[in-house]
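All values below come from the heavy atoms of this structure, side chains included, with hydrogens, waters and symmetry mates left out.
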Amino acid sequence: MTPKELEDRIRVRAHEIWEREGRTYRNHEGHWHRATKEIEEEEQAELPKNNHRKARSRH
């Protein structure tokens, strides 16, 4: 994922968080932080799956 793709993904997630919380203002940094953390956790969760797929494709 490119840095631009990552930023776009975080932006969309932050917007989703903002909507879920009732579209409240004054917490955009908090929404961005939570979105970044969620995306990072999702990426980490995908690592074993991706590594497993690569290992299986070698045989």
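Listed by chain and residue number, nothing satisfies the ring-ring contact (aromatic ring centres under 6.0 Å, His included) test with H33 (two or more places apart in sequence, or in another chain). Residues that satisfy the side chain to side chain donor-acceptor pair (under 3.5 Å) test with R34, not counting sequence neighbours, are E21.
With rounding to the nearest 0.5 Å, the separation of NE2 in H15 from CD1 in I10 is 16.0 Å. Atom NE2 of H31 and atom NE2 of H28 lie 10.0 Å apart (nearest 0.5 Å).
The minimum heavy-atom distance between I17 and E38, with the atom names listed, is CD1-OE2, 3.9 Å. Minimum interatomic distance between A14 and A35 (heavy atoms only, all atoms of both residues): N-CB, 3.5 Å.
Heavy atoms from other residues, nucleotides or ligands lying under 6.0 Å from CD of E29 number 12 at most.
The residues E16 and R13 are annotated as salt-bridged, a charged nitrogen and a carboxylate oxygen being separated by less than 4.0 angstrom. Look at R9 and E5 and you find no salt bridge, because none of the NZ, NE, NH1 or NH2 atoms lies under 4.0 Å from a carboxylate O.
No donor-acceptor pair closer than 3.5 Å links the side chain of W32 to the backbone N or O of R11.
When side chains are defined from C-beta on, I39 counts as touching E42, because their heavy atoms get closer than 4.5 Å.
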